[in-house]
Amino acid sequence: MASPVTTLVTEIVLPGPVEPDGLEVRVRELQAPGEGQVVLRMEASGVSFAEQQMRLAKYYDQPPFPFVPGYDVVGTVVATGAGVDPALRGRRFAAVTKIGGWASHVYVEAGDLVPVPEGVDVAAAETVLVNGATAWQMLHRSASVRTGGTVVVLGANGGVGSTLVQLARHAGIRVIGTASARHHDAVRELGAIPVDYRDPNMYEQIRKLVPKGVDAVFDHVGGPGLVQSWRLLRKGGTLVNYGAAAQKNEQGSSPLGFITLFARLLAWNYLPNGRSALFYNFWAGRRRLDSFRARLREDITQVLRLVADGTVKPQIAARIPLSRTAEALALAESRTVLGKVVIIADV
């Protein structure tokens with residue numbers, strides 16, 4: 001009697017705060033999924049700002065080293081655990097995992113699966129998972145910007161930024177997007193008015209375009225410029241901060257920086273000018289797991305539908321095989337690309 005074929009999983013391991021070429025490859029036997037879990041054969045994962053921060057040990061609440069990064073994944077179900085409908089096998093799903101996506105096979109809780117519409121390219125779907133959900137929730141749930149409004153998107157050429165621009169334009173919202181000059185044509189094609197983020201007078205340039213202020217500013221940079229973003233708002237406007245890219249290359253990971261940031265945002269809400277400020281946290285509300293999953297599934301589904309009908313065109317910077325993940329990480333960190341660097345399965 002022939003022995004059963006053993007399936008091996010290849011994983012990209014982050015062993016510590018190393019340079020991209022310090023990533024390690026681990027191959028081990030694939031175990032059966034646990035109760036309530038499935039195994040996805042990875043077809044696409046990606047590199048987001050979160051993994052870049054994790055590499056530097058600067059991402060809030062990241063696991064201890066070593067671990068397998070990979071914030072989100074698209075793949076086909078190849079095995080199901082106890083309590084999971086076996087009919088899911090052979091179907092393509094997307095999931096936000098926070099870690100674990102940089103692997104040939106990924107364990108995912110069945111409750112976190114979101115169906116990928118027929119005909120949607122796996123790299124396109126991957127590009128709008130955490131980025132699309134973040135953009136949708138900030139625009140429609142956090143800032144609640146109405147049709148006819150005007151918003152500023154910092155980093156309009158990035159993964160979140162490029163998706164946010166398209167979602168805003170689809171909703172009838174005027175967008176001013178910051179990017180380096182070499183990306184201005186692409187930002188215009190997305191539907192935004194480009195402003196050079198390298199211009200020392202960037203905020204003054206934006207004020208000339210909207211002297212009465214904007215309805216929302218989406219700021220992933222933080223740092224000293226956050227005050228300038230706040231000052232761009234009109235009465236009733238909202239500042240949504242969702243990162244601290246300005247501190248990316250600073251050494252260490254002190255919670256004091258986040259405490260100071262949260263305190264500043266909170267204090268601004270008490271000023272008598274009708275403006276509001278908040279920090280967007282993708283994982284907020286996860287303690288109420290069922291409602292968190294339902295909201296996330298609804299928002300990702302909305303974005304995937306817009307991808308399927310051609311309204312949103314995912315900006316894929318590159319497709320790089322899993323075996324070359326170090327190259328993918330280095331490219332994403334180079335800040336030279338438009339959109340998201342996608343990791344795909346090795347052929």
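The structure displayed is predicted, hence computed values, not measured ones.
- Cluster partners of Tyr270, by chain and number: Leu266. The rule joins Ile, Leu, Val, Met, Phe, Trp and Tyr whenever side-chain heavy atoms lie under 4.5 Å apart.
- When the options Val165, Asn157, Val175 are evaluated for a side chain to side chain contact (heavy atoms under 4.5 Å, CB included) with Leu190, the one that passes is Val165.
- Here CD of Gln228 is found 8.5 Å from CE of Met202. Values are rounded to the nearest 0.5 Å.
- Here the side chain of Glu43 pairs a donor or acceptor atom with the backbone of Thr76 at under 3.5 angstrom.
- Aromatic ring orientation, His140 versus Trp136: tilted (interplanar angle from 30° to 60°).
- In this structure, Arg275 is positioned above the aromatic face of Trp230, its NZ or CZ under 6.0 Å from the six-membered ring centre and within 45° of the axis.
- One N or O on the side chain of Asn269 and one on the backbone of Leu265 form a donor-acceptor pair closer than 3.5 Å.
- The main-chain N or O of Gly111 is found under 3.5 Å from a side-chain atom of Arg297 such that the two form a donor-acceptor pair.
- Remark: side-chain polar atoms of Trp102 are not paired, donor with acceptor, to backbone N or O of Val47 under 3.5 angstrom.
- Taking both residues in full, the closest heavy atoms of Val68 and Ile99 are given as O-CB, 3.4 Å, listed atom of the first, atom of the second, then distance.
- Distance alone, capped at 3.5 Å, places no donor-acceptor pair between the Glu327 side chain and the Arg324 backbone.
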- Message: Run Val217 and Val151 through side-chain contact (heavy atoms from CB on, under 4.5 Å) and show every step you take.
- Response: CA-CA 6 Å; Val217 178; Val151 302; over 6 Å; no

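- Note on Ile300 and Val122: same hydrophobic cluster, where clusters join Ile, Leu, Val, Met, Phe, Trp and Tyr whose side-chain heavy atoms are under 4.5 Å apart, directly or indirectly.
- Of all non-hydrogen atoms in Val74 and Ala94, the two that sit nearest each other are CG2-CB, 4.1 Å.
- Proximity of a side-chain donor or acceptor of Ser45 to a complementary backbone N or O of Asp72 within less than 3.5 Å is detected.
- If you take CG on Leu261 and CZ on Phe279, they are separated by 6.5 Å, rounding to the nearest 0.5 Å.
- Remark: the backbone N or O of Tyr203 is not paired with any side-chain donor or acceptor of Asn201 at under 3.5 angstrom.
- Using a 4.0 Å cut-off between charged side-chain N and carboxylate O, Asp299 and Arg141 make a salt bridge.
- Residues Ser323 and Asp346 have side chains that bring a donor and an acceptor to within less than 3.5 angstrom of each other.
- Not a single donor-acceptor pair under 3.5 Å links the side chain of Ser104 to the backbone N or O of Glu11.
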- Message: Determine whether Gln37 and Val108 satisfy the following criterion, side-chain contact (heavy atoms from CB on, under 4.5 Å), listing intermediate values before the conclusion.
- Response: CA-CA 6 Å; Gln37 288 185 326; Val108 178; over 6 Å; no

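- Distance check, rounded to the nearest 0.5 Å: OG of Ser162 to CD1 of Ile316 gives 10.5 Å.
- For Ala318 against Leu331, the heavy-atom pair with the smallest separation is CB-CD2, 3.8 Å.
- Between Tyr71 and Phe282, the angle of the ring planes goes over 60°, which puts this pair in the perpendicular group of the 30/60° scheme.
- Using a 4.5 Å heavy-atom threshold, the side chains of Arg305 and Thr301 count as touching.
- A 4.5 Å side-chain heavy-atom check between Ile320 and Ile344 finds every atom pair outside the cut-off.
- Residues Val342 and Ile12 do not share a hydrophobic cluster, clusters being chains of Ile/Leu/Val/Met/Phe/Trp/Tyr side chains in contact below 4.5 Å.
- Listed here is the closest heavy atom pair of Glu109 and Glu35: OE1-O, 4.5 Å.
- Put simply, the side chain of Gln315 reaches to within 4.5 Å of the side chain of Lys313, judged on heavy atoms.
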- Criterion side chain to side chain donor-acceptor pair (under 3.5 Å) on Gln166 and Thr163, from CA distance to verdict: CA-CA 5 Å; Gln166 294 181 79; Thr163 307; 5.3 Å; no

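- For the pair Val13/Leu23, no side-chain contact is recorded, criterion being any heavy-atom separation below 4.5 Å from C-beta on.
- Considering all non-hydrogen atoms of both residues, Asp215 and Gly149 come closest at OD2-CA, 3.2 Å.
- Not one N or O on the side chain of Arg198 forms a donor-acceptor pair closer than 3.5 Å with the backbone of Ser180.
- Taking CE of Met42 as the start and CD1 of Ile343 as the end, the distance is 7.0 Å to the nearest 0.5 Å.
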- Task: Apply the test side-chain contact (heavy atoms from CB on, under 4.5 Å) to residues Leu8 and Leu30: give CA-CA distance (whole Å), side-chain angles for both, the deciding distance (0.1 Å), then the verdict.
- Result: CA-CA 5 Å; Leu8 299 178; Leu30 181 68; over 6 Å; no

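- Cluster annotation: Leu154 and Leu338 are assigned to distinct hydrophobic clusters (Ile/Leu/Val/Met/Phe/Trp/Tyr, side-chain heavy-atom contacts under 4.5 Å, transitive).
- A 6.0 Å sphere centred on CZ of Arg146 holds no more than 12 heavy atoms belonging to other residues, nucleotides or ligands.
- Contact annotation: the side chain of Val160 never approaches that of His220 to less than 4.5 Å [non-hydrogen atoms, C-beta and beyond].
- Residues forming a side-chain contact (heavy atoms from CB on, under 4.5 Å) with Ala181 (at least two apart in sequence, or on another chain): Asp196.
- A distance of 8.0 Å separates OH in Tyr197 from NE2 in His183, rounded to the nearest 0.5 Å.
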- Item | Test log, rule side-chain contact (heavy atoms from CB on, under 4.5 Å), inputs Asp219 and Leu239 | CA-CA 7 Å; Asp219 186 325; Leu239 169 63; 4.1 Å; yes

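- Within the 4.5 Å cutoff, the side chain of Val307 has no heavy atoms near those of the Thr127 side chain.
- Salt bridge absent: Arg295 and Asp290 never bring a charged side-chain N and a carboxylate O closer than 4.0 Å.
- Using a 4.5 Å heavy-atom cutoff, the side chains of Val9 and Val27 are not in contact.
- Within the 4.5 Å cutoff, no side-chain heavy atoms of Arg91 are placed close to those of Val77.
- Taken together through direct or relayed side-chain contacts under 4.5 Å among Ile, Leu, Val, Met, Phe, Trp and Tyr, Phe93 and Leu289 form parts of separate hydrophobic clusters.
- The same ILVMFWY cluster, assembled from side-chain heavy atoms under 4.5 Å apart, contains both Trp283 and Leu296.
- A salt bridge does not link Arg92 to Glu118: none of the charged nitrogens lies less than 4.0 Å from a carboxylate oxygen.
- Under a 3.5 Å cut-off, the side chain of Asp121 and the backbone N or O of Ala124 do form a donor-acceptor pair.
- Rounded to the nearest 0.5 Å, atoms CZ (Arg55) and CG (Leu329) are 6.0 Å apart.
- Heavy-atom minimum distance, Ala135 versus Leu167: CB-CD1, 3.8 Å.
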